[in-house]
Each structure stands twice: as C-alpha cells, then as structure tokens.
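For reference, positions follow the sequence shown, starting with 1. Since the structure is predicted, the reported quantities are computational estimates derived from the model, not experimental observations. Keep in mind that the numbers below use all heavy atoms, side chains included, and drop hydrogens, waters and symmetry copies.
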Amino acid sequence: MSILSTVLRTINRDLEPAFCGMFPSDGAPDAGACDGIDDPDAPLPFADAKQAQSPVFALGTRIADTAQRFFYSDELKDSLAHGSRYHSVNPEITGDYKDHPKCNLFAGDVLHAAGFQVPTYDMKGGGKHYKQAEQWPKETAFFDKVTSLDDVRPGDILIIDYRNLPGSGGGAHVEVITGKEGEGDDMHVTTAGARHDGLVEDEKKGNFLVNARREGDHFFIDGKGRLGPKDIYVLRPKRQEG
C-alpha cells in the first residue's frame, strides 16, 4: 500500500459521502460508501465544511473530484435533465424542479458536498433554493473572481451570462471546471454541468472561456443569434469560517 493510500485511509475513515443513499447497493463505485470504510484508491469522499478547511488535497481538486462522482450513476445523471425530477443532496434545498433548468442545483450540490457554502434565497412558498447563476458573481462573500486564463484551475466555477437571455429561464448557465490542459492557443478547459438532457462533461462551455477576451473583472465573447454576446466569469469558492 502506498504512503498516499495509507494517509487517505487514516484521515478519511470518518468522511462518508453526503448522498451515499442515492447510489444503488450493487455494483456502483460507491456501493460501500455507507459502510464506514473508505477505499483509498477511490476518488475523494465528500466532506463537511469543517473537514474541507484542512483537506489532504487542494480545495480545487476536491471540488473537481466531487463533480465527477456524480457521473457514477446513470440515474443520477439523467435526473439532472430539464424534464426530470431532482432532489438536492443539500437538506436545506427543497423542491424537485421538474421542467426547470438544474445547472445551479448541480453546481450548488457539488460545492455543498465538497464542504463549501453556496448562496441561497428563501422561496415564497417555503424552503430554500440556490441563487440564480447570474447572481453568483455578485456574491463576494462566497467567491473570488479569477481574471487571468493562466490562473484558471479545476474546481473553479464557470458562469456564462447570456446578455440576450435575462431572467430565471436562462439568464446564465453555471458549470464546474474539471480539467485544464495546455496554454495559449493550445489551452483546453473541460467543464461538467447539468444541461437540457442531463449531466455532461466536455469542452463545449470551456471553449467559450478559452476564446473570450478579458473585460474588467471577467471575460467577454461576442456571438450572433439567440444566444448572442456572453459575459463569462470564473469564480473560485471561498472557505467559510466557522
């Protein structure tokens, strides 16, 4: 057993996933996630906020690994589609959001499961929901803005704000950056996010960022058609004290 595996087994034995019950008990990589025994060779388990303040790996790695764990279950991936019902892993978030976009639900749940706080609001009918994606860049208590492509890293949050699409139905889209390779014209940024047909991980949204130009505290890329010009923000989640 490697030194890293020994360290992981020692410090992670109390770190159980935040939503182990959402995975089937037969054959899924997290089938034993609720048994109190962590596999040191598996991706990082989910952590609560206290544990996330002193992780073994960089916080960005923890967030990116958490995002990728959602891909373990086809049922879970499909439940993040626009027309499906999805129940948040965060007990404070209520509702099933059938026939609604779920990009902020996915990104919010990734951050929650990785041990970070996410901005929420109280709904008129009771309960809470994560704030709309276009509001996240304003939440300076929760996020720092990354303004250089060289500084972008896995675990950062990508916000694509469509200037021609205001409102809760599509004003902005949010995904989690899970990979970055190369630099300059050879840079590739991979993101994971809840899109119309479910959870997807590819370079499609990352290409917007790579091809954008810096404009103040964010990036901008022009475009024609319905989607038109886009303001693009890269946010780095902050650790919350207490």
Exercise for review: Return yes if some donor-acceptor pair links the side-chain N/O of Arg214 with the main-chain N/O of Gly216 below 3.5 Å, else return no.
Suggested key: yes
Exactly one of Ile232, Thr190, Ile160 clears side-chain contact (heavy atoms from CB on, under 4.5 Å) with Lys205, and that residue is Ile160
Under 3.5 Å, is there a donor-acceptor pair between the side chain of Asn211 and the main chain of Asn207? yes
All heavy atoms of Pro101 vs all of Asn104, minimum pair found to be O-OD1, 4.3 Å
Next item on the list: Indicate whether any N or O donor in one side chain lies under 3.5 Å from an N or O acceptor in the other, for Asp217 and Thr147.
Entry: no
In this structure, OG of Ser79 is separated from NZ of Lys102 (nearest 0.5 Å) by 8.0 Å
*asked:* Quick check with a 6.0 Å cut-off and a 45 degree axis cone: is Lys230 positioned over the face of Phe208's six-membered ring?
replied: yes
Item to complete: Decide yes or no on side chain to side chain contact (heavy atoms under 4.5 Å, CB included) for Arg195 and Glu175, but give the supporting numbers first.
Response: CA-CA 9 Å; Arg195 303 181 196 170; Glu175 300 206 352; 2.8 Å; yes
Which of Leu111, Val110, Ile157 passes side-chain contact (heavy atoms from CB on, under 4.5 Å) with Phe116? It is Leu111
Partner of His188 under side chain to side chain donor-acceptor pair (under 3.5 Å), picked from Glu203, Glu183, Glu181, is Glu203
Tightest non-hydrogen contact, residues Ala194 and Leu199, listed as N-CD1, 4.0 Å
Nearest heavy-atom contact between Phe219 and Ala212 is CB-CB, 3.8 Å
> Are side-chain heavy atoms of Ile221 and Pro229 found at a separation under 4.5 Å?
Replying inline: no
Quiz prompt | Ion pair Lys77/Asp74, N-O distance below 4.0 Å | solution = yes
Original post:
Transitively linked via ILVMFWY side-chain contacts under 4.5 Å: Leu158 with Phe220?
Top reply: no
Interatomic distance, CD@Gln117 vs CZ@Arg239, rounded to 0.5 Å, equals 13.0 Å
For Lys98, does the NZ atom have more than 12 heavy-atom neighbours from other residues, nucleotides or ligands under 6.0 Å away? yes
Quiz item: Should the ring pair Trp136 and Phe143 be called parallel, tilted or perpendicular, given that the plane angle runs from 0 to 90° and is split at 30 and 60?
Solution: parallel
ask   = Arg236 and Asp156: salt bridge (Lys or Arg N to Asp or Glu O under 4.0 Å), yes or no, with the steps?
value = CA-CA 5 Å; Arg236 183 155 300 158; Asp156 289 341; 2.8 Å; yes
| task | Go through the steps to decide whether Arg85 and Asp78 satisfy the test salt bridge (Lys or Arg N to Asp or Glu O under 4.0 Å), and finish with yes or no. | result | CA-CA 9 Å; Arg85 288 184 170 87; Asp78 293 342; over 6 Å; no
Examine distances only and state if a side-chain atom of Lys238 and a backbone atom of Ala141 form a donor-acceptor pair shorter than 3.5 Å. no
Sub-3.5 Å donor-acceptor pair from the side chain of Lys180 to the main-chain atoms of Met187, do we have one?
no
pair His82-Cys103: side-chain heavy atoms closer than 4.5 Å:
no
Between Pro237 and Gly155, the two heavy atoms sitting closest are CD-O, 3.8 Å
**Asked** Do the non-hydrogen side-chain atoms of Ile159 and Leu235 ever get within less than 4.5 Å of each other?
**Response** yes
| said: Ignoring hydrogens and geometry beyond distance, is a side-chain donor-acceptor pair present between Tyr130 and Asp109 at under 3.5 Å? | reply: yes
Point to revise | Student check: side-chain heavy atoms of Gln135 and Pro119 closer than 4.5 Å | key: no
* Asked: Should Val176 and Thr191 be marked as a side chain to side chain contact (heavy atoms under 4.5 Å, CB included) after you check the CA-CA gap, both sets of side-chain angles, and the distance that decides it?
  -> CA-CA 5 Å; Val176 179; Thr191 68; over 6 Å; no
So CG of Asp231 and CD of Glu134: to nearest 0.5 Å the spacing works out to 11.5 Å
Rounded to the nearest 0.5 Å, the OG atom of Ser84 sits from the CG atom of Asp197 at a distance of 9.5 Å
Query raised in the report: So do Lys138 and Lys131 actually touch side chain to side chain, heavy atoms under 4.5 Å?
Result: no
Original post:
Same cluster or not: are Leu80 and Val200 linked, directly or through other Ile, Leu, Val, Met, Phe, Trp or Tyr residues, by side-chain heavy atoms under 4.5 angstrom apart?
Top reply: no
| said: Do Ile93 and Leu105 have side chains that approach each other closer than 4.5 Å (heavy atoms only, starting at C-beta)? | reply: yes
CZ of Phe70 to CG of Leu76, rounded to nearest 0.5 Å, is 6.0 Å
Using side-chain hydrogen bond (donor to acceptor under 3.5 Å, both in side chains), reason through His129 and Tyr97 one step at a time and then give a plain yes or no. CA-CA 10 Å; His129 186 37; Tyr97 301 96; 3.1 Å; yes
On a heavy-atom basis, the closest approach of Phe106 and Ala192 is CE2-O, 3.4 Å
Side chain proximity check, Thr94 to Met123, heavy atoms < 4.5 angstrom
yes
Angle between ring planes, Tyr233 versus His218, binned at 30° and 60°: parallel, tilted or perpendicular? parallel
Report task. Consider only side-chain N and O atoms of Glu201 and Thr178, and report whether a donor and an acceptor are under 3.5 Å apart. Result -> yes
#### Entry: Greater than 12 external heavy atoms within 6.0 Å of Glu215's CD
yes
